[in-house]
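Take a look at the structure set out below.
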Amino acid sequence: MKAASDGLRSQTGTLVITFTEAGPLGLSFTRENFPGTGTVLQGVNEGSQAATHEQAGSLKTGMRLLSVAGSSTRGMEYKQVLTAIRAAP
């Protein structure tokens with residue numbers, strides 16, 4: 001994945017992070033209890049692209065993924081979101 005902007009929302013607002021390196025981001029996600037209700041950040045892998053990003057300190061477990069490469073994830077099934085992340089330019 002290169003140059004993908006992902007929008008993540010916490011209780012304090014929206015965070016936009018752009019990853020510019022190819023390869024795994026180092027983010028793990030989980031789905032909320034009901035299909036199509038959201039994808040939530042479960043964790044950041046140590047030493048990963050996400051962990052070393054300048055905004056890494058802003059990534060918090062429980063943040064909701066709102067978009068991938070500028071496209072909304074609202075109403076998408078969990079597997080569709082993961083496919084969108086993998087396919088992002």
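For reference, positions follow the sequence shown, starting with 1. Keep in mind that the numbers below use all heavy atoms, side chains included, and drop hydrogens, waters and symmetry copies.
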Ignoring hydrogens and geometry, is there a side-chain-to-backbone donor-acceptor pair from His53 to Thr18 under 3.5 Å? yes
Check whether any side-chain heavy atom of Val81 lies under 4.5 Å from a side-chain heavy atom of Phe29, and answer yes or no. no
Any chance you could lay out the salt bridge (charged side-chain N to carboxylate O under 4.0 Å, His left out) test for Arg64 and Glu32, step after step, and finish with the verdict? CA-CA 9 Å; Arg64 180 170 293 152; Glu32 290 190 333; 2.4 Å; yes
Under the rule for side-chain contact (heavy atoms from CB on, under 4.5 Å), what residues qualify as partners of Thr30, not counting sequence neighbours? Val40, Gln42
Donor-acceptor contact below 3.5 Å, side chain Ser67 vs main chain Thr73: no
If the condition is side-chain contact (heavy atoms from CB on, under 4.5 Å), which residues does Ala87 pass it with, not counting sequence neighbours? none
From Gln55 atom CD to Ile17 atom CD1, the distance as rounded to the nearest 0.5 Å: 5.0 Å
Give a yes or no on whether the backbone of Ala51 and the side-chain of Ser48 come within a donor-acceptor separation of less than 3.5 Å. yes
When you compare the side chain of Thr61 with that of Val44, does any pair of heavy atoms fall below 4.5 Å? no
May I ask you to decide if Met76's main-chain N or O and Lys79's side chain share a donor-acceptor pair within less than 3.5 Å? no
Tell me, do Leu59 and Leu15 make a side-chain contact under 4.5 Å, heavy atoms counted? yes
So, taking the atom named CG in Leu27 and the one named OG1 in Thr39, what distance separates them when rounded to the nearest 0.5 Å? 12.0 Å
Would a 4.5 Å heavy-atom cut-off, applied to side chains only, mark Arg74 and Leu66 as touching? no
What's the shortest heavy-atom distance between Ala56 and Ala50, and which atoms? CB-O, 3.2 Å
Looking at side-chain heavy atoms only, is the closest gap between Thr83 and Gln80 below 4.5 Å? no
